[in-house]
Amino acid sequence: MNLVTGYRGTKHVTSADMAAFNRVIFGDGDYVIQTGDCLAASYSDTNILRISDGEMLIQGHHARIEVGDYVEVTLTDGTSGTYRKDYIVAEYVKASDGTESVTIKDIVGEEASSASAATLPTLTMEDLTQYGDTRQVALYTVTFSGLSAGDPVQVFSTVKDLQTQIGDVNDTLTTKINSVNTSLTTLINAKQATITGAATTVTTSNLTASRALVSNSSGKIAVSSATLTELSYLSGLTGKVQTQLDKFTTWANKIGRYYDTASAVSLASSWSYSYLKLVNGTLSASGGNTSSTVSGGYWIAPFSCFVVAVALVTFSASSSGSRAVRLARLDSSDNATGTLGEVKIPGINHEQQISVSGAESMSSGDKLAIRVAQDSGKSLTVSGTIRILIIPNL
């Protein structure tokens with residue numbers, strides 16, 4: 001690595017070192033620095049253009065016209081009846097022997113028959129950072145109309161000197177700091193001096209740990225009697241609790257236990273099932289259409305449910321005939337669709353009371369009937385009771 005700003009015992013700082021340093025600060029473009037007259041151009045005589053003092057950088061290479069001094073450039077005469085556009089340039093040249101120079105000169109364009117046809121000449125713009133030798137930086141353009149040269153038109157870019165840039169940065173920072181201070185002052189002045197509202201109850205003390213927060217009767221923050229553990233019991237809910245409770249309550253209210261007593265009826269002596277007629281008794285209306293179906297010997301399921309039924313049938317006398325009691329399920333068209341339970345007693349037992357029970361799922365509108373049969377050789381009367389427990393389907 002080449003140490004530039006350090007003592008090495010010999011002269012070693014080169015123009016390339018200084019150019020590289022300038023590029024670090026100002027960039028690697030071509031600029032006129034905003035100081036002095038900034039290379040201002042004016043005519044000192046016909047076709048003599050005077051460039052006043054100023055400083056410029058050509059890809060880091062520093063050139064200057066000292067304060068109070070100037071450079072004059074003699075323009076090439078125009079031709080009557082033609083138009084032409086010239087560049088006034090600062091030309092950097094590095095000779096074969098390594099010597100360097102910057103010259104202000106006129107780069108002449110081609111003559112044209114009209115102003116619109118006149119074009120500027122092509123400039124040599126070698127990259128000095130890549131070992132180029134010649135670079136022509138345009139300062140002004142001058143348009144000729146016949147013999148007359150027009151006013152010079154500035155085409156160069158400018159940069160501020162380092163001190164001015166630092167001053168601008170300082171000014172910008174000062175402006176921003178002042179703006180921030182003003183904003184902070186406004187915010188501080190607008191702040192609320194004391195805490196008011198719901199939070200006044202928690203400004204100087206902690207709340208009871210692991211409790212749910214509520215607003216008290218004064219609208220202030222307070223703790224609830226509900227603990228964090230109790231509150232966690234609600235975790236995982238997927239719907240409204242009241243809706244779910246209402247649904248459960250509706251289901252629970254459908255659970256029913258019904259009781260009724262059968263009146264005495266006469267049975268034929270032949271072996272065939274007959275319906276044991278049920279009277280209305282204390283059977284709840286919600287258990288079915290009691291005004292018609294129970295009196296006709298049926299209990300009708302009011303909705304889809306699971307039914308547990310127990311019937312006790314008493315025969316008027318013992319006999320040697322066989323007897324049977326059946327809990328039968330029928331559909332809405334009175335077609336037998338199943339048997340919940342059935343008890344058959346051979347005649348030898350002479351049973352006077354027979355109990356039968358059973359359980360089965362029933363659809364809304366299905367019928368439950370008690371059927372009784374005997375084969376005693378004579379007619380007998382029977383009576384009985386029935387108990388029904390229904391559990392609705394969810």
Side-chain angles (χ1 to χ4, degrees), residues 4-5 11 13-78 84-95 98-109 120-121 123-129 132-144 148-172:
V4 177
T5 57
K11 296 179 180 180
V13 179
T14 67
S15 64
D17 292 330
M18 294 307 301
F21 181 78
N22 289 333
R23 287 196 293 271
V24 170
I25 298 174
F26 294 100
D28 59 2
D30 306 307
Y31 313 106
V32 171
I33 300 174
Q34 294 180 16
T35 184
D37 281 345
C38 292
L39 304 182
S42 61
Y43 285 104
S44 62
D45 200 354
T46 304
N47 285 9
I48 296 179
L49 194 63
R50 176 175 292 179
I51 307 299
S52 298
D53 62 82
E55 315 262 349
M56 75 175 299
L57 293 171
I58 302 175
Q59 288 195 311
H61 295 272
H62 183 204
R64 63 191 302 223
I65 299 175
E66 294 183 3
V67 176
D69 198 1
Y70 58 86
V71 172
E72 289 189 334
V73 181
T74 301
L75 305 181
T76 302
D77 291 336
R84 193 183 80 218
K85 289 184 177 181
D86 292 1
Y87 270 129
I88 307 303
V89 302
E91 181 184 65
Y92 168 92
V93 175
K94 184 174 184 179
T99 58
E100 300 166 282
S101 63
V102 174
T103 306
I104 306 295
K105 61 191 304 183
D106 176 22
I107 305 298
V108 180
L120 289 165
L123 301 181
T124 300
M125 294 293 288
E126 295 178 358
D127 189 348
L128 305 185
T129 68
D133 294 327
T134 303
R135 188 173 184 85
Q136 296 172 331
V137 179
L139 301 177
Y140 297 95
T141 61
V142 176
T143 300
F144 281 83
S148 300
D151 292 334
V153 178
Q154 177 184 316
V155 293
F156 58 78
S157 299
T158 62
V159 294
K160 295 179 180 179
D161 61 77
L162 186 57
Q163 186 62 43
T164 303
Q165 292 185 55
I166 293 173
D168 289 346
V169 171
N170 287 337
D171 291 342
T172 300

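In terms of heavy-atom proximity, A138 sits nearest to L123 at CB-CD1, 3.9 Å. Nearest heavy atom pair, residue V142 against residue G150, reads CG1-O, 3.6 Å. In terms of heavy atoms, Y140 sits closest to C38 at OH-O, 4.5 Å. N22 and G60 make their closest contact through ND2-O, 2.9 Å (heavy atoms, listed as atom of the first residue, atom of the second, distance). Among all heavy-atom pairs drawn from D28 and Q59, the shortest one is O-CG, 3.2 Å. Considering all non-hydrogen atoms of both residues, G109 and D86 come closest at N-OD1, 3.0 Å.
At least one side-chain heavy atom of L49 sits under 4.5 Å from a side-chain heavy atom of Y43. Counting heavy atoms from C-beta outward, F144 and L75 have side chains that approach closer than 4.5 Å. Counting only heavy atoms from C-beta outward, the side chains of I107 and L120 never approach each other to under 4.5 Å.
Between the NZ atom of K105 and the OG1 atom of T76 there is a distance of 10.5 Å, given to the nearest 0.5 Å. Interatomic distance, N47 CG to D106 CG, rounded to the nearest 0.5 Å: 9.0 Å. With rounding to the nearest 0.5 angstrom, the CZ atom of R23 is 8.0 Å from the CG atom of L128. Here the straight-line distance linking atom CG of D69 with atom OG of S52 works out to 9.5 Å at 0.5 Å rounding. Once rounded to the nearest 0.5 Å, the distance linking CD1 of I58 with CE of M125 reads 9.0 Å. The line from CD1 of I33 to CG of L57 is 4.0 Å long, rounded to the nearest 0.5 Å.
Only one option out of V153, I104, V73 pairs with L139 in a side-chain contact (heavy atoms from CB on, under 4.5 Å); it is I104.
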Legend entry - side chain to side chain contact (heavy atoms under 4.5 Å, CB included) evaluation trace for V108 with R84: CA-CA 8 Å; V108 180; R84 193 183 80 218; 3.4 Å; yes
Legend entry - Test log, rule salt bridge (charged side-chain N to carboxylate O under 4.0 Å, His left out), inputs E100 and K94: CA-CA 4 Å; E100 300 166 282; K94 184 174 184 179; 5.1 Å; no
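Listed by first and then second residue, the salt bridge (charged side-chain N to carboxylate O under 4.0 Å, His left out) pairs that reach into residues 52-62 are E55-R64, sequence neighbours excluded.
A search for ring-ring contact (aromatic ring centres under 6.0 Å, His included) contacts involving Y92 returns H61, not counting sequence neighbours.
A side-chain donor from one of T158 and Q34 sits under 3.5 Å from a side-chain acceptor of the other.
Heavy atoms of other residues, nucleotides or ligands lying less than 6.0 angstrom from CZ of F21 number 12 at most.
Proximity of a side-chain donor or acceptor of D133 to a complementary backbone N or O of V93 within less than 3.5 Å is not detected.
Using a 4.0 Å cut-off between a side-chain N of Lys or Arg and a carboxylate O of Asp or Glu, R135 and E126 do not qualify as a salt bridge.
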